[in-house]
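We name chains A, B, ... by the order of the sequence lines, and we start the count at 1 in each one.
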Protein chains: 2
Amino acid sequence: MIGVADIYAAIADPTRRLLLDELARADGQSLFELCSRLTMTHGVNSSRQAISQHLAVLESAGLVSSARVGRTKIHHLHTEPFREITERWPIPAKD
Amino acid sequence: MIGVADIYAAIADPTRRLLLDELARADGQSLFELCSRLTMTHGVNSSRQAISQHLAVLESAGLVSSARVGRTKIHHLHTEPFREITERWPIPAKD
DNA sequence: ACAATAGGCAAGTGCTAGCTTGCCTGTCAA
DNA sequence: TTGACAGGCAAGCTAGCACTTGCCTATTGT
């Protein structure tokens, strides 16, 4: 967690993948919104701190950016880093 | 390692990513060939057992298949599972 | 001003992934 | 058939990750 995490480690955790799913569904959610959604619709029951730490990992991997607005923190999804995966191990075309 | 690993956990480890790189460069290598290549050209110095365990993880994730030929074990790369990632979090088109 | 809201920081804990070590099985050449 | 080669299995160790707990800061509403 010290230093910059890579995208591979970032998406290794199921909870972090759900966070990406949530932001893909509705971009620009706050920490509390993400906590609520994960608890309500995804059956996750981690603490707010746990979710916050997960978001920090996603952010240091460049998959999420955040900006404070008043007392809330808004999160945005960035999927461009995933391009590295498809370029590194190209998927053969469907026949 | 019990049960079937998912692709996310599989590519979380740097050594396993190098194994995929090696198979992408030259498909159909044996365990010993992969060990040698990783040691020589990638600066990895893990034991044969470690590499074998990594290959087992990749295989249970569906990224690698193997077949015994005589006393050697040949490994093949399969990148189709990566399609899940790009379909789950689509990458916006470059502009 | 004061309480409630939204979030941050840091130390501590439990569990599991990655690795090693030691020994065993199967295959090929002489 | 005997030794060398290619690989498998299982137990044990260690470091790091995910998570919690406790306390702190900043912003908003009344």
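In this structure, B:Val57 is not a member of the same hydrophobic cluster as A:Ile11, with clusters built from ILVMFWY side-chain heavy atoms closer than 4.5 Å.
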*Test log, rule side-chain contact (heavy atoms from CB on, under 4.5 Å), inputs B:Ile51 and B:Leu55*: CA-CA 6 Å; B:Ile51 304 296; B:Leu55 285 168; 4.2 Å; yes

_The test is side-chain contact (heavy atoms from CB on, under 4.5 Å); show your working for A:Phe82 and A:Leu20 and say whether it passes._
CA-CA 12 Å; A:Phe82 285 138; A:Leu20 295 182; 4.0 Å; yes

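Under the rule for a salt bridge (Lys or Arg N to Asp or Glu O under 4.0 Å), B:Asp27 has no partner lying at least two apart in sequence or in another chain. A search for salt bridge (Lys or Arg N to Asp or Glu O under 4.0 Å) contacts involving A:Arg25 returns A:Glu22, not counting sequence neighbours.
Under 4.0 angstrom from either OP1 or OP2 of D:dA18 there lies at least one side-chain N or O belonging to A:Arg16. For D:dT20, one of the phosphate oxygens OP1 or OP2 lies less than 4.0 angstrom from a side-chain nitrogen or oxygen of A:Ser47.
Considering B:Asp21, B:Leu23, B:Leu19 as possible partners of B:Leu77, the one that fulfils the side-chain contact (heavy atoms from CB on, under 4.5 Å) test is B:Leu23.
A:Ile74 belongs to a hydrophobic cluster whose other members, connected by ILVMFWY side-chain contacts under 4.5 Å either directly or through intermediates, are A:Val69.
DNA chain D lies under 4.0 Å from no heavy atom of any residue of residues 38-46 of chain B.
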*Could you write nucleotides 6-13 of chain D as a row of B, S and -, 5' to 3', where a protein heavy atom under 4.0 Å of any base atom gives B, of only sugar-phosphate atoms gives S, and otherwise -?*
SBBB----

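Computed from C1' positions of five pairs at each end, the angle between the two local axes of the helix from C:dA1-D:dT30 to C:dA30-D:dT1 equals 30°, rounded to 10 degrees.
One side chain, B:His78 or B:Ser65, offers a donor N or O that lies under 3.5 Å from an acceptor on the other.
Rounding to whole angstrom units, CD of residue A:Gln29 and P of C:dG7 are separated by 11 Å.
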